[in-house]
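Here the structure comes first, spelled out in structure tokens, and everything after it is commentary.
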Amino acid sequence: MDRRKFLKTAGATAAATLAGTWAMTAAASRPTPVQLRIQTARYRLGESITDGMVSLSPNAPPPILRLKQGSPFAADVVNTLSDATAMHWHGIRLPNRMDGVPYLTQWPIMQGETWRYEFTSQDAGTYWYHPHCMTMEQMARGLTGILIVEEREDPGFDSETVLNLRDFRLGKDDQFTKLYSARKAARGGTLGNVMTANWEQNPVYTHLAGSLVRLRLAATDTTRIYQITIDGAAGRILAMDGHPIREPVPWPSEEQPLVLGPGQRSDIAIVMPAQEGREVVIAHRGGGRVRALARLRSVGSDQRRSLRDLSPLAANKVPNFDPKTAQKIDLVIGWSPDGTKPNNGFCGSVGPNFWAINRTAWPGDAAKETGAIAKLTLGQSYVMRLRNESPNTHPIHIHGLVFRPLRSNQRTLPSNWTDTIVVRKNEIIDIGFVADNPGDWALHCHVIEHQKTGLAGYIRVA
Ligand code: C2O
Ligand code: CU
Ligand code: CU
């Protein structure tokens with residue numbers, strides 16, 4: 001075994017990987033679909049085993065799916081649940097019909113049915129997958145997994161840790177309690193009480209002392225906005241939401257934590273402490289408390305690696321946004337006086353409509369015929385104004401396209417490509433993008449209780 005291989009093995013995360021199961025020979029060949037069986041699961045999240053979870057195996061978290069940049073991927077999603085489902089590949093720029101949005105891009109996958117997804121990601125980076133039908137029910141019970149698209153060029157890390165960050169709402173007996181409350185859905189959303197990384201509470205991952213670790217963070221919770229700090233190591237933020245950064249993002253500290261709203265990711269280079277036994281602590285700071293989410297511990301002798309040993313991540317090919325020719329779209333995010341019950345078809349409701357875009361509550365998953373929020377011309381540049389008129393924070397997500405913030409009325413935002421942006425109370429953010437991918441693309445708040453109670457819709461690019 002050569003050194004790199006050894007280091008990779010030593011640093012492998014606890015999460016399972018399907019990398020070997022669909023190995024491909026050439027980019028031109030059609031990959032054998034990986035089978036993803038949505039099923040109920042049991043797992044020890046706390047003191048005793050929690051029943052009624054949802055995953056892709058009976059007793060483990062959803063696996064990390066590893067794709068290669070520019071190589072085709074195929075998955076057969078099999079639904080063994082009695083409820084309907086549909087799988088969405090968050091952040092991946094793919095053909096519209098592979099996007100996994102029920103009634104908009106496909107039919108719900110009913111019990112016993114299989115749906116094939118096939119796509120090739122030209123973008124490398126950290127992405128994730130989750131259902132887009134019975135979204136609250138299935139995500140809250142566990143079905144949120146990481147999807148990694150590996151760069152064509154290996155940047156030269158010694159090892160990697162992937163942290164799937166999310167909460168669960170459990171009672172004293174470690175069984176699920178009510179997944180949400182309507183009262184909270186009308187406000188910030190319902191938080192979980194058991195914070196996990198890869199379904200473990202504050203797990204430890206070992207890496208060689210002084211080695212270079214790629215830390216991939218993904219906030220897959222239905223509600224929580226993480227304020228991340230990293231203590232005990234030097235490092236650098238390399239990518240946000242899959243895309244290598246264009247403008248620097250400050251190193252996460254108490255003064256300036258790394259904010260990851262539901263759906264957001266970050267790729268971080270870490271130099272492990274030189275001394276054996278030292279720990280790097282990844283924590284969440286909120287409500288005056290610090291809660292450790294996971295730790296990286298140094299083992300063995302000092303590898304003396306430095307950030308300079310890494311080759312920079314190549315930018316993904318994103319079309320050039322042209323501010324001069326850009327057309328404007330205004331979206332107002334706010335409370336809805338509506339109170340009607342959404343029409344979610346087979347995809348589940350969490351209550352009446354509380355939220356709206358442009359003062360219209362999204363009538364529900366099954367209500368495509370209400371029309372697009374905006375109609376966009378293929379290839380055209382746009383500046384979309386997101387005006388939050390509510391006292392709550394909304395991580396706004398757009399499918400199929402990437403955008404970058406241009407300005408905010410409250411703060412300076414690094415203008416990095418993303419698919420999800422946190423819009424604070426009373427904040428106005430202008431985002432810029434090129435409508436380069438044709439289709440009907442969902443646009444919604446990624447606090448699932450908001451999404452399911454009106455704060456959703458779609459844009460049409462044609
Ligand atoms: Cu991550 Cu429309 O979703
Ligand atoms: Cu998405
Ligand atoms: Cu919201």
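Just so you know, ligand 1 is whichever comes first in the structure, and atom 1 is the first atom listed for that ligand. This chain uses plain numbering: 1 for the first residue, then up along the sequence.
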Can the positive tip of Arg166 be found less than 6.0 Å from the middle of the six-membered ring of Phe168, inside 45° of the ring normal?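 Relative to the ring axis of Phe168, which defines the angle, Arg166 lies inside both limits.
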Out of the N/O/S atoms in His394, what is the name of the one closest to the Cu ion (ligand 3)? ND1
Verify the distance test for [X] against atom 2 (Cu) of ligand 1: any N/O/S atom under 2.8 Å, yes or no.
X      : result
His444 : yes
His90  : no
His446 : no

Determine which of the N, O or S atoms in His132 is closest to atom 2 (Cu) of ligand 1 and give its atom name.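 Per the distance ranking, His132 contributes NE2 as its closest N/O/S atom to atom 2 (Cu) of ligand 1.
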Pairwise side-chain contact, Leu56 with Ile38, heavy-atom cut-off 4.5 Å (strictly under): yes
Would you mind reporting whether Gln264 and His446 have side-chain heavy atoms less than 4.5 Å apart? no
Can you tell me how far apart CG (Asn388) and CD (Gln410) are? Round to the nearest 0.5 Å. 8.5 Å
From the N, O or S atoms in His88, identify the one nearest to the Cu ion (ligand 2).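 Going through the N, O and S atoms of His88 one by one, NE2 ends up nearest to the Cu ion (ligand 2).
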Please give the atom name: the N, O or S atom of His397 nearest to the Cu ion (ligand 2). NE2
Exactly one of Asp330, Leu386, Asn409, Val332 should register a side chain to side chain contact (heavy atoms under 4.5 Å, CB included) with Ile428. Which one does?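 Only one option passes, and that is Asn409.
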To the nearest 10 degrees, could you say what angle the Cu ion (ligand 3) makes with SG of Cys445 and ND1 of His450? 130°
Is it true that Asp174 and Arg44 make a salt bridge, defined as a side-chain N closer than 4.0 Å to a carboxylate O?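 Arg44 and Asp174: not salt-bridged.
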